[in-house]
Amino acid sequence: MCVMTYLDYSASTPTSLTVLEHMHRIEREYFANINAKHAFALRSKEVVLSYISKMASLLNIPSESLVFTSGATESNNMILFGLAKSNPHKRHIISTSLEHHSVISPLGELQKLGYELDFIPYLHGKLDLEALKKLIREDTLCVSVIAVESETGLVHPLKAIKAICDDYGVPLHSDMTQAVGKIPVDFNNVTYASFSSHKIYGPKGIGACVLMKDDIRPLIYGGRSLSKLRSGTPPNALIVGFAQAVIEALEDLEVRISIVTQLRNQLTQKCDALKIVHVNTPHVGVPHICNLSFMHHDRHELVNQFSNHGFYVSASSACSGQENVSKAVLTVSENMDCATSSLRVSLSHLTSESDIDSFVQVIKKVIQ
Ligand SMILES: Cc1ncc(COP(=O)(O)O)c(C=O)c1O
């Protein structure tokens, strides 16, 4: 039987066992509708709020700035469309060409409604912040920049971008899905952010917006709930599971970063020694994403070949299509051969050194 080696942790992660235990307790003991008014509802609400409060305190944000959604896709849509609704006269948006589809698609929809879009250019793999200054206009609704690009792990300089946005009085939205719980983040560097539970060992079907300013209009209307922006009965166990996943990720962040950095170095050193693999990961990259190119090999074909050997990696982020050229790899490497033959290997503190060794052995088999 083929042993499975999962190296696609940026697409999704297994739910932590302790997270599942917390969720199980909530489902059995605190399942009341927390919008109700009786004592059991109030007890359930108190327990859920205590998890939210610990999560917010570790994220260093007020609890009220968190709005729970079904995931980062909904959060990105909520922020972009919600902002558009609250500022109907601002019809210009600035973003990057490397956003996740959950930002690209709503931006495309806004464009169909008459919004003008501009993209900050890249200079040798880095965002050109001087160009950003020139793009900002009187009617700019927001700047939207992904914190960590999901295919190459490129980290964008949010602090510097926020300083520019502040100078011009424009809010900054950031999709922080590949950053929160993986690297240190500071929500003071954004006006609005989104992230997701299933990327950090929490359950699927829940994510959050972080709203450092309370000025967007809701997309979903209904009765009063935890937030006026997202009506509906809050999913107690999902919220608790998500909060617990954030707590575990942040309390263990340094250890996880250290393990993953070592694994990434082990992988890149072995790949360098092979001389048949090109490492695309940028210098300003996160440790958990390693992008490799296998010159003259089709990247989608490679995913299948590795999969046949029981190694699960991605050609790109799970929500993108079957593009033959990786825009992200082309941007960081400026090399078309790299961009047509690249794979994303995404690592976890659950990955072992022997997983990496076996993967390198399979690389030799597949490529030679
Ligand atoms: C950068 C980024 N943004 C958004 C998403 C969407 O997250 P969710 O699956 O929670 O909707 C993902 C997940 O693929 C992602 O990697």
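Every heavy atom of this structure was used, including side-chain atoms; hydrogens, water molecules and symmetry mates were not. In each ligand, atom 1 is the first atom listed, and ligand 1 is the first ligand listed.
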Hey, which atoms in ligand 1 end up nearer than 4.0 Å to a heavy atom of [X]?
| X | value |
| --- | --- |
| Ser196 | 8 (P), 10 (O) |
| His198 | 8 (P), 9 (O), 10 (O) |
| Asp175 | 1 (C), 2 (C), 3 (N), 4 (C) |
| Ser102 | 3 (N), 4 (C) |
| Gln178 | 1 (C), 16 (O) |

Quick one: does ligand 1 sit under 4.0 Å from the side chain of [X], the backbone, both or neither, non-hydrogen atoms only?
| X | value |
| --- | --- |
| Ile146 | side chain |
| Thr177 | side chain |
| Lys199 | side chain |

Holding to side chain to side chain donor-acceptor pair (under 3.5 Å), I want the full list of residues that pass it with Lys45, two or more places apart in sequence or in another chain.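 Once residues adjacent in sequence are excluded, Lys45 has no partner under the side chain to side chain donor-acceptor pair (under 3.5 Å) criterion.
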
Asp186: side chain to side chain donor-acceptor pair (under 3.5 Å) partners, not counting sequence neighbours: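 If we apply the side chain to side chain donor-acceptor pair (under 3.5 Å) test to Asp186, skipping adjacent residues, the hits are Asn188.
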
Honestly curious: do Val67 and Leu172 fall in one hydrophobic cluster under the side-chain, below-4.5 Å linking rule?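 Each belongs to a different hydrophobic cluster.
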
Could you grab the distance from atom CG of Leu127 to atom CG of Leu129, nearest 0.5 Å is fine?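 The CG atom of Leu129 is 6.0 Å from CG of Leu127, to the nearest 0.5 Å.
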
Side-chain ion pair, Arg43 and Glu46, N-O less than 4.0 Å: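 No.
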
Salt bridge present between Lys327 and Glu151 (N-O < 4.0 angstrom):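 No, no charged N to carboxylate O under 4.0 Å.
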
I need the minimum non-hydrogen distance between Ser333 and Asn280, along with the two atoms involved.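 Residues Ser333 and Asn280, closest heavy atoms: CB-OD1, 4.1 Å.
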
Under 3.5 Å: N/O of [X] near N/O of ligand 1:
| X | answer |
| --- | --- |
| Thr73 | yes |
| Ala72 | yes |
| His100 | yes |

Run Asp355 and Ser352 through side-chain hydrogen bond (donor to acceptor under 3.5 Å, both in side chains) and show every step you take. CA-CA 5 Å; Asp355 290 336; Ser352 68; 3.2 Å; yes

